[in-house]
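Only one structure is covered here, and it is reproduced in the block below.
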Amino acid sequence: LLPLTFLLTPCILMPAAGLCNTRPTDLVFIVDSSRSVRPSEFEQVKVFLAKVIEGLDVGPDATRVGVVNYASRVKNELSLKTHKTKAGLVKAVTKIEPLSTGTMTGLAIQFALNVAFSEAEGARIKSPDISKVAIIVTDGRPQDNVKEVAARARDAGIELYAIGVGRVDLNTLKQIASEQLDDHVDYVESYSVIEKLTKKFQEAFCACSNAATDVVFLIDGSKSVRPENFELVKKWINQIIDKLDVSETKAHVGLVQYSSSVKQEFPLGRYNNKKDLKDAVKKMAYMERGTMTGQALRYLTDSSFAPASGARPGVAKVGIVFTDGRSQDYIGDAAKKAKEQGCKMYAVGVGNAVEDELREIASQPTGEHYFYTADFKAMTAIAKKLQINICQEEDPCECDSVVKFQKKVEEALQALTKKHILYKSGVSKRIVALENKIV
């Protein structure tokens, strides 16, 4: 049994299925440890930091991590050059102590801009290939100005995320954060639940560098959408494209619009860079007329994902369906066929979209693949959620099943060990009894 346990262990140490490589990033956490943050709450912040770090591809040529601690003063706890391994980073984070004075958030952002993101502290030279990101965690109203200094940081190319806890001033978070605010501002009611943001920030840095994906947008251009909202839909498509690794060998994108008929705006593989893709999306003309979603879904499976339309054999297929109303034809068979052919289907509904139809289109689990909002202006948040799930999933050794099996083996070993101990105990008692008789 021992060799079996040894053989199973390497599988458990492998990355979880579906995890992506993080794109090269200089990441600095700016953490409020003012007196309003209790010691136990500060420990929860450190757990959050450690968990985000655990999901990153840490290394000199990958993601570098720094931590700035602040209250009335600012302390550079970890510079971007301090630790080159994930284990070293996590260990260092556990040792950070709260400063327990005031709340000079503006001063902390200024310090990050001038010092933490400097080359002397390990930041890399500004490049389109390297992201600069700061995550600010605070629970109160700052005692200094943040608006101007945050603007300077953003102008310097630093992407700012603002996390507020408890009685934080929400207007301050909005002044700090980068656009789009829906993506860059988060609020939690207490430090005890800050961990729920871990997955968001792990996935925010996902580059899917190992995933070739064919993505086709299927867009409702019916008259109920209205011209001004159709422009918002095009912006939403480009938000998702911004998060993809578009290239000859990675993500390819196609676009189909439908109403009473179906129109291929451009096929997969026609544009292999984001600029050309986004320009083509902007030029899409609004069709108006009806809502034949079933017909559009059939076109998706029969034409858009066919090799003749640029689809690549053996590459993950993702369909993103957008609609704002009830379909005028039957969608069941076409939706089923798309999923049976292995397409990962996302369904996005706005306004009068029928949620039962969205669920029928969406892949399992439906909770992760269908989205609804009443307002076109709220689509930004959906773009973020869709982006994080497009990464190609891999399951090289079906680790979940193996872990369950190993657990059963370990339980059996423990039971055997317990029986062995009891057996030895019984034998020992009998030997002692015999020795006493002999004596």
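Hydrogens, waters and symmetry mates play no part in the numbers below; they use all other heavy atoms, side chains included.
Ser178 is not listed as a side-chain neighbour of Tyr161, based on a closest heavy-atom distance of 4.5 Å or more. No side-chain heavy atom of Ile158 sits less than 4.5 Å from a side-chain heavy atom of Val133. Residues His369 and Ile361 form no side-chain contact, since every pair of their non-hydrogen atoms from C-beta on lies 4.5 Å or further apart. Here the side chains of Leu232 and Asn229 are in contact, with some heavy-atom distance below 4.5 Å. You'll find the side chain of Val216 reaches within 4.5 Å of the side chain of Leu300, heavy atoms only. Counting heavy atoms from C-beta outward, Leu173 and Thr138 have side chains that approach closer than 4.5 Å. Between Phe371 and Leu358 there is no side-chain heavy-atom pair separated by less than 4.5 Å. Within the 4.5 Å cutoff, the side chain of Lys263 has heavy atoms near those of the Met287 side chain.
Judged by distance alone, the side chain of Thr213 and the main-chain N or O of Val215 form no donor-acceptor pair under 3.5 Å. In this structure, the side chain of Tyr372 engages the main chain of Gly351 through a donor-acceptor pair within 3.5 Å. The main-chain N or O of Ser327 is found under 3.5 Å from a side-chain atom of Glu357 such that the two form a donor-acceptor pair. Looking only at distances, no side-chain donor or acceptor of Arg141 sits under 3.5 Å from a matching main-chain atom of Arg167. Lys317 contributes a side-chain N or O that, together with a main-chain N or O of Val315, makes up a donor-acceptor pair within less than 3.5 Å. Asp329 contributes a side-chain N or O that, together with a main-chain N or O of Gly294, makes up a donor-acceptor pair within less than 3.5 Å. Looking only at distances, no side-chain donor or acceptor of Asp276 sits under 3.5 Å from a matching main-chain atom of Asp279. A side-chain donor-acceptor contact under 3.5 Å links Asp214 to the backbone of Arg312. The main-chain N or O of Asp324 is found under 3.5 Å from a side-chain atom of Asp220 such that the two form a donor-acceptor pair.
For Phe42, there are no ring pair (Phe, Tyr, Trp, His ring centres under 6.0 Å) partners two or more places apart in sequence or in a different chain. Qualifying ring pair (Phe, Tyr, Trp, His ring centres under 6.0 Å) partners for Tyr299, counting only residues two or more places apart in sequence or in other chains: none. Remark: Lys51 pairs with Val47, Glu195, Thr198 by the side chain to side chain contact (heavy atoms under 4.5 Å, CB included) rule, at least two apart or across chains. Applying the side-chain hydrogen bond (donor to acceptor under 3.5 Å, both in side chains) criterion to Lys274, with sequence neighbours excluded, gives no partner residue. Remark: Glu77 engages Asn69 in a side-chain hydrogen bond (donor to acceptor under 3.5 Å, both in side chains) (not counting sequence neighbours). Scored by the ring pair (Phe, Tyr, Trp, His ring centres under 6.0 Å) test, Phe266 finds Tyr271 as partners (sequence neighbours excluded). With sequence neighbours excluded, no residue forms a ring pair (Phe, Tyr, Trp, His ring centres under 6.0 Å) with His83. For Thr293, the side-chain hydrogen bond (donor to acceptor under 3.5 Å, both in side chains) criterion is met by Tyr258, not counting sequence neighbours. Applying the side-chain hydrogen bond (donor to acceptor under 3.5 Å, both in side chains) criterion to Lys132, with sequence neighbours excluded, gives Asp26.
If you take CD1 on Ile135 and CZ on Phe29, they are separated by 4.5 Å, rounding to the nearest 0.5 Å. Separation of atoms NZ (Lys86) and CD (Glu54) is listed at 6.0 Å; rounding is to 0.5 Å. Atom OH of Tyr286 and atom CD of Gln257 lie 8.5 Å apart (nearest 0.5 Å). Within the model, atoms CD1 of Ile241 and CG of Asn238 stand 5.0 Å from one another, a figure rounded to the nearest 0.5 Å. Rounded to the nearest 0.5 angstrom, Thr291 OG1 and Asn352 CG are separated by 10.0 Å. Atom-to-atom distance recorded for Met345:CE and Thr301:OG1 is 8.5 Å, nearest 0.5 angstrom.
Across all their heavy atoms, Ala116 and Val68 have their closest contact at CB-CG2, 4.0 Å. Of all heavy-atom pairs spanning Thr85 and Val58, the tightest one is C-CG1, 3.9 Å. In plain terms, the two heavy atoms of Leu113 and Ala156 that are nearest each other are CD1-CB, 3.7 Å. Taking both residues in full, the closest heavy atoms of Gly290 and Ser222 are given as O-CB, 2.9 Å, listed atom of the first, atom of the second, then distance. Minimum interatomic distance between Val146 and Gly106 (heavy atoms only, all atoms of both residues): CG1-N, 3.6 Å. Residues Ser309 and Ser303 approach most closely at OG-O, 2.9 Å, considering heavy atoms.
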Between Ile163 and Tyr187, is the side-chain contact (heavy atoms from CB on, under 4.5 Å) condition met? List the steps. CA-CA 6 Å; Ile163 301 175; Tyr187 170 79; over 6 Å; no
Under the side-chain contact (heavy atoms from CB on, under 4.5 Å) rule, what do Ile320 and Leu218 come out as? Steps first, then yes or no, please. CA-CA 6 Å; Ile320 301 175; Leu218 197 60; over 6 Å; no
Take Glu360 and Lys336 through the test side-chain contact (heavy atoms from CB on, under 4.5 Å) and record every step on the way to the result. CA-CA 8 Å; Glu360 194 167 8; Lys336 183 180 178 183; over 6 Å; no
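Around atom CG of Asp302, more than 12 heavy atoms belonging to other residues, nucleotides or ligands sit under 6.0 Å away. Other residues, nucleotides and ligands contribute more than 12 heavy atoms inside 6.0 Å of the CD atom of Glu189. Environment of CZ in Arg152: crowded, with over 12 heavy atoms of neighbouring residues, nucleotides or ligands closer than 6.0 Å.
Sorted by first then second residue, the salt bridge (charged side-chain N to carboxylate O under 4.0 Å, His left out) pairs that include residues 103-121, not counting sequence neighbours, number zero. For residues 226-240, every residue pair satisfying the salt bridge (charged side-chain N to carboxylate O under 4.0 Å, His left out) rule, not counting sequence neighbours, is listed here: Arg226-Glu228, Glu231-Lys234. Sorted by first and then second residue, the salt bridge (charged side-chain N to carboxylate O under 4.0 Å, His left out) pairs involving residues 282-297 (not counting sequence neighbours) form an empty list.
A donor-acceptor pair shorter than 3.5 Å cannot be found between the side chains of Asp57 and Thr63. For the residue pair Tyr370 and Glu355, a side-chain donor N or O sits within less than 3.5 Å of a side-chain acceptor on the partner.
Partner Ser34 forms a side-chain contact (heavy atoms from CB on, under 4.5 Å) with one of Asp139, Thr105, Leu99 and no other, that one being Asp139. For the side-chain contact (heavy atoms from CB on, under 4.5 Å) test with Leu89, the passing option among Val67, Thr82, Leu78 is Leu78; the others fail.
Phe322 and Trp236 have tilted rings, their planes meeting at an angle from 30° to 60° on a 0 to 90° scale.
With respect to Lys46 and Glu43, a salt bridge is recorded, a charged nitrogen being found less than 4.0 Å from a carboxylate O.
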